[in-house]
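Before any comments, here is the structure.
Everything numeric here is computed off the predicted structure, so don't read it as measured data.
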Amino acid sequence: QVQLVESGGGLVQTGGSLRLSCAASGRAVGGYAMGWFRQAPGKEREFVATISGYGGTSYYGDSVKGRFTISRDNNKDTLFLQMNSLKPYDTAVYYCAARSTLVASGNWARYDHWGQGTQVTVSS
């Protein structure tokens, strides 16, 4: 079983930056596709970014393209999300997810493992 633990959330002003981390344990996840999703109160879960197993391919949601960067360190089984130029509408709980296949996906229903989430709040 894979356990995922996110960290790095917090409060930041508009235009600021944060770097989220997601540490995996239980088994090596280098070959797993992984992703970041977010959910704001009263809204549906939203795709943020995904990266294929071993990091060959990445995709982004339209609202974060050009501002966020997903990356992974397979030696440390850790996923990252660098978030720049943050805006108030980026405020949400951010979740890390993993699926036991190499292929990246922006569909949250295709992920097998989830972290507990980390809160990101962007003040105006």
Side-chain angles (χ1 to χ4, degrees):
Q1 184 70 1
V2 175
Q3 292 84 42
L4 303 173
V5 178
E6 301 95 336
S7 61
L11 174 64
V12 65
Q13 291 186 335
T14 296
S17 298
L18 282 175
R19 189 191 196 205
L20 304 184
S21 299
C22 172
S25 61
R27 66 165 295 161
V29 294
Y32 282 38
M34 300 189 73
W36 290 98
F37 296 81
R38 67 187 183 187
Q39 189 163 20
K43 295 188 177 181
E44 294 185 353
R45 195 173 317 187
E46 179 186 7
F47 165 64
V48 176
T50 181
I51 189 167
S52 61
Y54 303 114
T57 306
S58 58
Y59 303 100
Y60 297 88
D62 289 341
S63 63
V64 307
K65 283 180 183 177
R67 301 187 298 122
F68 291 11
T69 303
I70 190 171
S71 62
R72 64 191 301 166
D73 184 338
N74 290 328
N75 291 327
K76 297 182 179 179
D77 286 323
T78 303
L79 180 72
F80 302 99
L81 184 69
Q82 177 66 43
M83 305 187 294
N84 298 328
S85 301
L86 283 162
K87 306 178 188 302
Y89 65 74
D90 294 317
T91 295
V93 177
Y94 283 69
Y95 297 92
C96 166
R99 61 191 300 244
S100 54
T101 176
L102 289 170
V103 180
S105 174
N107 184 343
W108 65 265
R110 294 183 176 178
Y111 285 79
D112 309 304
H113 311 283
W114 290 85
Q116 82 290 348
T118 185
Q119 177 70 46
V120 171
T121 302
V122 184
S123 63
S124 56

Once rounded to the nearest 0.5 Å, what's the spacing between atom CE of Met34 and atom CG of Leu81? 12.0 Å

Quick one: does Asp77's side chain have a donor or acceptor within less than 3.5 Å of a partner on Val29's backbone? yes

Taking a hydrophobic cluster as the set of Ile, Leu, Val, Met, Phe, Trp and Tyr residues connected by side-chain heavy atoms closer than 4.5 Å, whether directly or through intermediates, do Leu4 and Phe37 fall within one such cluster? no

Close side-chain approach of Arg38 and Ser63, heavy atoms under 4.5 Å: yes

Side chain of Gln82, backbone of Arg19: donor and acceptor closer than 3.5 Å? no

Distance in Å, Lys43 NZ paired with Thr91 OG1, rounded so as to fall on 0.5 Å steps: 9.5 Å

Side chain proximity check, Thr14 to Pro88, heavy atoms < 4.5 angstrom: yes

Quick test of your reading: applying disulfide bond (SG atoms under 2.5 Å apart), list the pairs with at least one residue in residues 26-70, sequence neighbours left out, ordered by first then second residue. none

Closest approach of Arg99 to Ser105 (non-hydrogen atoms, all atoms of both residues): NH1-CB, 3.7 Å

Below 4.5 Å, heavy atoms only, C-beta onward: do Arg67 and Tyr60 meet side chain to side chain? no

Kindly give the heavy-atom pair with the smallest separation between Lys76 and Thr78, and that separation in Å. O-OG1, 2.9 Å

Within a strict 4.5 Å, meaning less than it, do heavy atoms of the Leu102 and Ser52 side chains meet? no

Within this structure, what is the CD-SG distance for the pair Gln116 and Cys96, rounded to the nearest 0.5 Å? 9.0 Å

Can Tyr32 and Val2 be said to form a side-chain contact (heavy atoms from CB on, under 4.5 Å), step by step? CA-CA 11 Å; Tyr32 282 38; Val2 175; 3.9 Å; yes

Between OH of Tyr111 and OG1 of Thr50, what distance do you get to the nearest 0.5 Å? 3.0 Å

Rounded distance [0.5 Å steps], NE2 in His113 versus CD in Gln1: 5.5 Å

Would you kindly confirm whether Leu18 and Val64 end up in one hydrophobic cluster when ILVMFWY residues are joined by side chain heavy atoms under 4.5 Å apart? yes

I would like to know whether Phe68 and Leu86 meet side-chain contact (heavy atoms from CB on, under 4.5 Å); could you show each step before the answer? CA-CA 9 Å; Phe68 291 11; Leu86 283 162; 3.8 Å; yes

Electrostatic pair Asp90:Lys87 at N-O distance under 4.0 angstrom: no

Assess whether atom CH2 of Trp114 is packed by more than 12 heavy atoms of other residues, nucleotides or ligands within 6.0 Å. yes

Establish whether Val93 and Phe47 are linked, either directly or via other cluster members, by ILVMFWY side-chain heavy-atom contacts under 4.5 Å. yes

Should we say atom CZ of Arg110 is surrounded by more than 12 heavy atoms from elsewhere, each under 6.0 Å from it? no

Quick one: do Met83 and Leu20 satisfy side-chain contact (heavy atoms from CB on, under 4.5 Å)? Show the steps, please. CA-CA 8 Å; Met83 305 187 294; Leu20 304 184; 3.8 Å; yes

Can you tell me how far OG of Ser100 sits from CG of Asp112, rounded to the nearest 0.5 angstrom? 4.0 Å

Would you find more than 12 non-hydrogen atoms of other residues, nucleotides or ligands less than 6.0 Å from Tyr59 atom OH? no

What closest approach, in Å, do Gly35 and Ile70 show between heavy atoms, and which atom pair accounts for it? CA-CD1, 4.4 Å

Identify the heavy atoms of Val12 and Gly16 that sit nearest to each other, and give their distance. CG2-CA, 3.7 Å

Closest approach of Ser85 to Ser17 (non-hydrogen atoms, all atoms of both residues): N-OG, 4.4 Å

Using side chain to side chain donor-acceptor pair (under 3.5 Å) as the criterion, list what pairs up with Tyr95, not counting sequence neighbours. none

